[in-house]
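All values below come from the heavy atoms of this structure, side chains included, with hydrogens, waters and symmetry mates left out.
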Amino acid sequence: MAKKALVPLSGAETEVLRLVWEMDRGTVQNVCDRLPADRKITYATVQTLLRRLEKKGYLRHETVGKAHVFAPAVKRDDVINRAVGTFLDKLFGGDPVPLMQYLARHDKITAADVEELKQLTAKEDS
């Protein structure tokens, strides 16, 4: 059976989804509590974002007492794979090398990161 196509996410939706993935499940208040201190997002906005994510198929919820407890409805790797693939296709024509070069030139990747990548690619080649 084919996987359901997921609707693209806004930046705020992506941030909230990442927090739910980190917690595995949580309420609106749990998400609010995990937002960085410099993020000025209200409880009502987080609630709206969680509901949008549910409507888009990224989250599901169950009611526990009076609270809605949200949990992932999709695997993190599936979403990341699609998002990174789209990003690579649109900005780099599907070629990851220019992306890696950009990261290296702008100090976004360390020598240790490169060594880890070498080990990962060596495993795939064997």
Are V69 and L49 grouped together when hydrophobic residues (ILVMFWY) are joined by side-chain heavy atoms under 4.5 angstrom apart? no

Might you point out which heavy atoms bring [X] and [Y] nearest each other, and give the distance in Å?
X   : Y   : result
M23 : V31 : CE-CG2, 3.5 Å
T27 : A67 : CG2-CB, 4.1 Å
Q47 : V28 : N-CG1, 3.9 Å
G57 : A73 : O-CB, 3.6 Å

Check: [X] side chain, [Y] main-chain N or O, donor-acceptor pair, under 3.5 Å:
X    : Y    : answer
K56  : P8   : yes
T48  : A44  : yes
D33  : N30  : no
Y58  : V7   : yes
D113 : T110 : yes

Are the charged groups of R51 and E54 less than 4.0 angstrom apart, N to O? no

Nearest 0.5 Å, what's the [atom1]-[atom2] distance between [X] and [Y]?
X    : Y    : atom1 : atom2 : answer
R52  : L59  : CZ    : CG    : 13.0 Å
L120 : E115 : CG    : CD    : 11.5 Å
L50  : K55  : CG    : NZ    : 15.0 Å
E22  : R76  : CD    : CZ    : 6.0 Å
F92  : Q101 : CZ    : CD    : 9.5 Å

Do V16 and L53 pass the side chain to side chain contact (heavy atoms under 4.5 Å, CB included) test, and can you show the C-alpha distance, the side-chain angles, and the key distance before you say yes or no? CA-CA 9 Å; V16 167; L53 286 164; 3.8 Å; yes

Step by step, work out the side chain to side chain contact (heavy atoms under 4.5 Å, CB included) result for D77 and N81. CA-CA 6 Å; D77 282 348; N81 187 41; 5.9 Å; no

Should the pair F70 and H61 be assigned to parallel (<30°), tilted (30 to 60°) or perpendicular (>60°) ring geometry? tilted

I'd like to check the salt bridge (charged side-chain N to carboxylate O under 4.0 Å, His left out) partners of R82; sequence neighbours left out, ordered by chain and number. none

Between [Y] and [X], is there a side-chain heavy-atom distance shorter than 4.5 Å?
X   : Y   : result
L35 : V46 : yes
P72 : V20 : yes
D95 : L88 : no
E15 : S10 : no

Near Q29 CD, under 6.0 Å, is it more than 12 heavy atoms from other residues, nucleotides or ligands? yes

Take atom OH of Y102 as the centre, draw a 6.0 Å sphere, and report whether it contains more than 12 heavy atoms from other residues, nucleotides or ligands. no

Take H68 and E62, measure what side chain to side chain contact (heavy atoms under 4.5 Å, CB included) needs, and give me the verdict at the end. CA-CA 6 Å; H68 285 147; E62 64 178 314; over 6 Å; no

